[in-house]
Number of protein chains: 2
Amino acid sequence: MVVDTELTDDEVDRIFRALADATRRDIVRRTLDTEASVSELAAEYEMSFAAVQKHVAVLEGAGLVTKHPHGRERKVRGNPEAIRRAQALLDRYEQIWRARIGRLDALLAEDQ
Amino acid sequence: MVVDTELTDDEVDRIFRALADATRRDIVRRTLDTEASVSELAAEYEMSFAAVQKHVAVLEGAGLVTKHPHGRERKVRGNPEAIRRAQALLDRYEQIWRARIGRLDALLAEDQ
DNA sequence: AGTATCTACAACCATTTGGTTGTAGATTAC
DNA sequence: GTAATCTACAACCAAATGGTTGTAGATACT
């Protein structure tokens, strides 16, 4: 099943940008495993609540995480679909490289 | 074959950071397909030579690309190994999510 | 030798990023 | 009702990012 993600450059930018920070990657890890409120997340890191809140916002903007109101708290939940979209992007690079290797092999076979 | 990517947070940061820019992703695409000199690359984008040079440097710092002296020019070559390391990272997130789904399934089965 | 080309690198600038503190609005607990 | 908790958001700041121009060192061309 191909997901066919027609992603904008800007969306791809946001996905990779969001993953380019250890705290944010950790938030993704946690919330893919178990959903957590923003303040539960904030308790895990050595920075202010507002800083964690901003990291969550960056992840949300990239679609890597969604927030769900639950009383006075917002449960943060990792979005596996976004991860898959990122995987699909990297897979394409692999394919480009494999195509090149294929061409080189063909060239070698030709020479023999 | 597991590649055993013992990557630092900092290295992972650099890989995703490097991929978070459309020009840089395009350079990776091109050079995974065909190696190209810095000036050949620079001719492809609407920005100064120095700007492209900086993008290549960012990619090189992330290990996504290597430079090889060839006379007065530096041939830029995409590094498929780095792409695979990034894939491995994303695969781990998938696994975390699948593990959660597995637990939920087990819970449902238990209830029946 | 002299010129053109390719690259490296410094200096500079505007914008973005990642953090802070502080204030205010909802919701829950007592 | 009052107090505590969770969240949102603004304002601010230092550092990083992404671009520029300019200068200089190697290498290739004629």
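Keep in mind that this is a model prediction, so the values were computed, not measured. Throughout, a chain's letter reflects where its sequence line sits, starting with A, and its residues are numbered from 1.
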A.B. asks: Taking the side chain of A:Glu73 as its heavy atoms from C-beta onward, which of D:dC6, C:dT20, D:dT21 lies nearest to it?
C.D. replies: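 Side chain of A:Glu73 sits closest to D:dC6.
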A.B. asks: Please state whether the phosphate of D:dA8, meaning OP1 or OP2, lies under 4.0 angstrom from any side-chain nitrogen or oxygen of A:Arg74.
C.D. replies: yes
A.B. asks: Among C:dT21, D:dC6, C:dT7, which nucleotide sits nearest the side chain of A:Ser39?
C.D. replies: D:dC6
A.B. asks: Whole Å only: how far is the CD1 atom of B:Ile27 from the P atom of D:dG18?
C.D. replies: 12 Å
A.B. asks: Does the salt bridge (Lys or Arg N to Asp or Glu O under 4.0 Å) test come out yes or no for A:Asp33 and A:Arg30, once each step is laid out?
C.D. replies: CA-CA 5 Å; A:Asp33 185 72; A:Arg30 280 180 199 280; over 6 Å; no
A.B. asks: Whole-Å distance between C:dG18 P and A:Arg25 CZ?
C.D. replies: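 Rounding to the nearest Å, CZ of A:Arg25 and P of C:dG18 are 12 Å apart.
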A.B. asks: Quick check: on DNA chain C, is the nucleotide nearest B:Lys67 upstream (toward 5') of the one nearest B:Arg17, or the reverse? Name the residue that is more 5'.
C.D. replies: B:Lys67
A.B. asks: Return the value, rounded to whole Å, for the distance between atom CG of A:Leu59 and atom C1' of C:dG18.
C.D. replies: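 A:Leu59 atom CG is separated from C:dG18 atom C1' by 13 Å.
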A.B. asks: Using a 4.0 Å heavy-atom cut-off, does A:Lys75 contact any base of the nucleic acid, only the sugar-phosphate backbone, or nothing at all?
C.D. replies: nothing
A.B. asks: Within this structure, what is the CZ-to-P distance between B:Phe16 and C:dT17, rounded to whole angstrom?
C.D. replies: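 Rounding to the nearest Å, CZ of B:Phe16 and P of C:dT17 are 18 Å apart.
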A.B. asks: Does B:Ile27 belong to the same Ile/Leu/Val/Met/Phe/Trp/Tyr cluster as A:Leu90, with side-chain heavy atoms less than 4.5 Å apart forming each link?
C.D. replies: yes
A.B. asks: Expressed in angstrom and rounded to an integer, what is the separation of A:His55 atom NE2 from C:dT16 atom P?
C.D. replies: 18 Å
A.B. asks: If you look at every strand shown and take non-hydrogen atoms under 4.0 Å, does A:Thr23 touch a base, only sugar-phosphate, or nothing?
C.D. replies: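 Touches nothing.
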A.B. asks: Measure from NZ or CZ of B:Arg84 to the centre of the six-membered ring of A:Trp97 and say whether it is under 6.0 Å with the direction within 45° of the ring axis.
C.D. replies: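 Cation-pi check for B:Arg84 and A:Trp97: passes.
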A.B. asks: If hydrophobic clusters are built from ILVMFWY residues whose side chains come within less than 4.5 Å, do B:Val28 and B:Val12 share one?
C.D. replies: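 As far as the 4.5 Å side-chain criterion goes, B:Val12 and B:Val28 are connected within one cluster.
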A.B. asks: Could you check A:Val58 against A:Gly71 and say which one's nearest nucleotide on DNA chain C is further toward the 5' end?
C.D. replies: A:Val58
A.B. asks: From CZ of B:Phe49 over to C1' of C:dC9, roughly how many Å is that when rounded to an integer?
C.D. replies: 11 Å
A.B. asks: According to a strict under-4.0 Å criterion, is A:Gln53 in side-chain N/O contact with OP1 or OP2 of D:dA8?
C.D. replies: yes
A.B. asks: Starting at NE2 of B:His70 and ending at P of C:dT7, how long is that distance when rounded to a whole Å?
C.D. replies: 12 Å
A.B. asks: Could you tell me the separation between the CD atom of B:Glu46 and the P atom of D:dG19, rounded to a whole number of Å?
C.D. replies: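 Distance check: B:Glu46 CD to D:dG19 P gives 12 Å.
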A.B. asks: Given D:dG25, is OP1 or OP2 found less than 4.0 Å from the side-chain N or O atoms of B:Arg72?
C.D. replies: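 No, B:Arg72 has no side-chain N/O under 4.0 Å of OP1/OP2 on D:dG25.
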A.B. asks: Which nucleotide in the list D:dA8, C:dA11, C:dT20 gets nearest to the side chain of B:Lys54?
C.D. replies: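 Of all the options, the side chain of B:Lys54 is nearest to C:dA11.
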A.B. asks: Choose from D:dT7, C:dG18, C:dT20 the nucleotide whose nearest atom is closest to any side-chain atom of A:Ala51.
C.D. replies: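 Within the option list, the nearest is C:dT20.
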A.B. asks: Of all the choices, D:dT21, C:dA11, C:dA8, which nucleotide is nearest to the side chain of B:Ser48 once you look at every atom?
C.D. replies: D:dT21
A.B. asks: Could you walk me through whether B:Arg25 and A:Asp13 satisfy the salt bridge (Lys or Arg N to Asp or Glu O under 4.0 Å) test, starting with their C-alpha distance in whole Å, then the side-chain angles of each, then the deciding distance to 0.1 Å, before giving a yes or no?
C.D. replies: CA-CA 10 Å; B:Arg25 285 193 301 276; A:Asp13 284 7; 2.8 Å; yes
